[in-house]
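Residue numbers begin at 1 in each chain, while the letters A, B, ... track the order of the sequences. Basis for what follows: all heavy atoms, side chains included, without hydrogens, waters or symmetry-related copies.
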Protein chains: 2
Amino acid sequence: MASIKDVAKAAGVSVSTVSRTINDNPFISSATREKVLKAIKELNYSPNRMAQSLSNNNSYTITLIVDIENEKSFYNSFFYEVMHGIEKVVYQKEYCLIVSNLNTVLKNENVLDWLIKGRRTEGVILPSSIIDSKTIKKLKENNIPFVSIGEPENLRETINWVDINNRKAGEQAANYFIDNHRRKIAFIGYDDSKVFNRRRFEGYKLALENNELNYETNLVIKGGNSKNDGFRMMKDLLNEKDLPDSVICADNLMSIGAIRAIQESGLSIPEDISLISFDNSQIAEIMYPTISTINVDVYELGLQSAKLLFELIENPGKREQELLISTNIEERETTEQEHQ
Amino acid sequence: MASIKDVAKAAGVSVSTVSRTINDNPFISSATREKVLKAIKELNYSPNRMAQSLSNNNSYTITLIVDIENEKSFYNSFFYEVMHGIEKVVYQKEYCLIVSNLNTVLKNENVLDWLIKGRRTEGVILPSSIIDSKTIKKLKENNIPFVSIGEPENLRETINWVDINNRKAGEQAANYFIDNHRRKIAFIGYDDSKVFNRRRFEGYKLALENNELNYETNLVIKGGNSKNDGFRMMKDLLNEKDLPDSVICADNLMSIGAIRAIQESGLSIPEDISLISFDNSQIAEIMYPTISTINVDVYELGLQSAKLLFELIENPGKREQELLISTNIEERETTEQEHQ
DNA sequence: TTGTATGCGTTATCAT
DNA sequence: ATGATAACGCATACAA
């Protein structure tokens with residue numbers, strides 16, 4: 001493989017001149033530039049990134065830490081979509097994207113420490129779930145810019161983060177029903193241990209209040225996100241004396257069980273009970289009936305995270321930012337479109 | 001950040017000695033080793049990977065090229081699961097995994113060229129779909145070991161590849177039905193433009209022949225893999241005079257439509273028609289009924305690919321290998337377990 | 001505008 | 001067993 005020296009020799013100039021040509025240095029005559037460019041082409045030369053890295057003290061690499069509880073739990077393709085958004089901007093910047101699992105351990109330390117100590121990354125994008133004061137301290141001490149995927153919780157420090165606008169999303173869901181003359185809007189799968197879930201619930205409540213609707217506690221069911229959870233919660237709801245005319249599922253999987261419960265009870269969707277869920281995956285489209293959702297653009301989430309990260313890399317000392325990605329409603333068969 | 005020089009100074013030895021200590025060189029007295037180790041700990045020293053890369057001419061990085069037709073088509077989490085398998089072995093080897101999209105373009109060249117020319121990768125794992133003679137030539141010329149995810153097609157060259165044992169999988173599906181005294185086994189979604197699909201079909205045929213069952217062409221329906229495809233194909237099948245007693249879906253999504261069609265016709269699953277599909281995702285588990293599948297271990301596929309890649313990296317000139325990952329049957333509600 | 005020399009942090013060769 | 005030094009490929013301060 002040709003090195004910068006070979007090019008210099010071939011072009012009859014010094015290595016510095018070649019280096020300047022590569023890096024678009026303005027102080028170079030167009031005559032010699034042509035010579036150099038010609039030699040570069042003839043030798044099929046391309047700078048060695050490793051050497052550039054060492055010289056510039058820049059790894060030209062950013063890292064995505066992915067949060068997988070265990071090897072078999074990657075059902076949820078959330079991070080995969082996030083990754084593609086990130087990828088887009090990273091390669092545009094001529095950086096590389098390295099991906100690693102949160103619980104990878106190397107030489108008795110976690111990947112993040114390993115990457116930082118090896119000077120292999122210029123910035124990191126990581127899930128809010130793993131961010132604590134210790135991690136923040138470490139990253140800051142090493143001057144590694146980072147952005148959190150998801151709103152962090154229980155944190156004294158202000159950090160940069162990007163998330164879906166879940167409060168607005170909850171509001172959107174409730175407003176949609178209200179616009180469609182639904183008045184008894186249930187919210188199932190409420191789980192206040194998860195920020196995104198709590199935010200959606202807040203939005204739901206807010207929309208009710210803004211429309212002077214009563215907030216009925218018996219229409220809010222707490223629970224998890226499995227299909228069985230959804231089934232049970234919906235059953236509970238259907239056992240009440242007065243039924244809801246619409247349901248917001250706080251997360252995606254539970255909606256499948258909930259729909260099943262409604263169908264089993266003999267009620268029809270969307271006529272008797274209209275249903276909306278939150279999603280970004282194919283599930284909503286493959287079910288019978290297809291599920292109306294507040295569409296969550298996870299690709300955009302990744303894209304914006306990466307953009308923010310590069311802003312931090314390029315302008316150190318920038319103020320912390322919080323960014324919320326807006327959602328939109330995707331009407332499918334579990335809702336009807338009366339209001340249009 | 002402390003460099004090897006700082007450590008040398010602190011320990012009162014030369015940089016060579018420190019380097020030897022780091023690299024477990026045997027010709028070093030335990031006394032000085034202790035001194036060096038102590039200094040390393042005190043200075044919190046860690047070797048700079050960029051410098052090691054330059055000196056050793058090793059990027060300590062391997063690349064996964066992911067095949068995404070467009071930004072919105074990452075529904076299928078196939079590559080995400082593959083990635084986790086790869087990740088596992090890559091970091092075990094203290095390498096990094098960089099991930100990039102197939103159609104990323106940099107400086108008028110594709111990522112692969114860019115990575116190779118920048119000496120940023122020691123090996124690459126890429127989908128069979130993008131492997132052609134030109135790509136092979138390029139990789140071989142640059143001495144970059146590579147392994148294909150999936151059996152390649154229309155290739156003169158022999159290359160290293162890993163795939164699911166799809167023929168065996170097809171056989172497994174058919175044999176399962178045969179063992180359960182099903183005799184009219186349909187195969188829907190046959191698509192001979194896809195290797196994995198064709199292999200499954202071959203296995204299906206093989207199992208029939210081995211059991212002296214008639215191969216009935218009207219029980220084989222060609223088609224795609226959408227839920228609507230599945231619905232239509234199953235409808236076609238149900239319009240025949242003699243119905244199948246069991247159905248093998250050549251791919252996952254179509255099974256959802258197929259099940260729907262059976263249900264609409266008033267037949268029951270699995271009593272009247274038993275159904276099996278191929279999958280590795282959550283879909284099979286969230287449907288009503290849950291779908292029996294030939295379980296495809298995509299994580300293992302990634303893991304083995306990476307293992308093979310490192311074998312190639314460590315033993316250049318090794319003979320080409322083909323590796324098939326075996327499948328197993330996951331019985332769920334669309335089949336009954338008579339044979340046990 | 002161009003060239004020379006030095007440094008980036010390692011490893012490897014050759015002494016000792 | 002240890003040390004001095006060149007080399008890896010590039011960027012840059014300084015000199016010309």
Q. Which part of the nucleic acid does A:Ser53 contact within heavy-atom distance under 4.0 Å: base, sugar-phosphate only, or nothing?
A. nothing
Once you apply a heavy-atom cut-off of 4.0 Å, does A:Ser19 come out as touching a base, just sugar-phosphate, or nothing? base
In whole angstroms, the gap separating C1' of D:dA11 from CZ of A:Arg49 amounts to 13 Å
Check the phosphate of D:dA11 against A:Ser55, side-chain N and O only, distance under 4.0 Å to OP1 or OP2. Yes or no?
no
- Message: By the 4.0 Å heavy-atom rule, please label B:Ile28 as base, sugar-phosphate, or nothing.
- Response: sugar-phosphate
Considering only heavy atoms from C-beta outward, does the side chain of A:Glu87 approach that of B:Val99 to under 4.5 Å?
-> yes
Query raised in the report: Using a cut-off of less than 4.0 Å, is there contact between a side-chain N or O of A:Ser16 and OP1 or OP2 of D:dT12?
Result: no
Between A:Val15 and A:Asn25, whichever has its closest DNA chain C nucleotide further toward 5' is A:Asn25
B:Lys9 NZ to D:dA4 C1', in whole Å, measures 15 Å
- Side-chain N or O of B:Thr32 less than 4.0 angstrom from OP1 or OP2 on D:dA1? no
Worksheet entry | Side-chain N or O of A:Ser29 closer than 4.0 Å to phosphate OP1/OP2 of C:dT2 | yes
Rounded to whole Å, CD1 of A:Ile40 lies from C1' of D:dG9 at a distance of 14 Å
| said: I'd like to know if the side chain of A:Ser14 pairs up with that of A:Thr17 as donor and acceptor (distance under 3.5 Å, no hydrogens or angles considered). | reply: yes
Taken to the nearest whole Å, CG/A:Asn58 to P/C:dG9 is 14 Å
Closest to the side chain of B:Arg20, out of D:dC10, D:dT5, C:dT13, is C:dT13
note: A:Leu43, atom CG; D:dG9, atom C1'; distance rounded to Å ~ 15 Å
query: Using a cut-off of 4.0 Å on non-hydrogen atoms, how would the nucleic acid contact of B:Ser46 be classed: base, sugar-phosphate, or nothing?
result: sugar-phosphate
(message) With a 4.0 Å limit, can you tell me whether B:Ser3 has a side-chain N or O closer than that to the phosphate oxygens OP1/OP2 of C:dC8?
(response) no
Practice problem: State whether A:Glu141 and A:Lys137 are salt-bridged, where the test is any N-O pair (Lys NZ or Arg NE/NH1/NH2 against Asp/Glu carboxylate O) under 4.0 Å. | Solution: yes
Distance check: side-chain N/O of A:Gln52 vs OP1/OP2 of D:dA11, anything under 4.0 Å? yes
note: B:Asn57, atom CG; D:dA6, atom P; distance rounded to Å ~ 21 Å
Q.
Please tell me if B:Tyr45 has a side-chain N or O lying less than 4.0 Å from either OP1 or OP2 of C:dT10.
A. yes
Rounded to whole Å, CG of B:Leu54 lies from P of C:dG7 at a distance of 17 Å
query: For C:dT11, does either OP1 or OP2 sit under 4.0 Å from a side-chain N or O belonging to B:Asn23?
result: yes
(message) Below the 4.0 Å mark, does C:dT2 have OP1 or OP2 next to a side-chain nitrogen or oxygen of A:Thr17?
(response) no
Look at all strands and tell whether B:Val13 reaches a base, only sugar-phosphate, or nothing, counting heavy atoms closer than 4.0 Å. sugar-phosphate
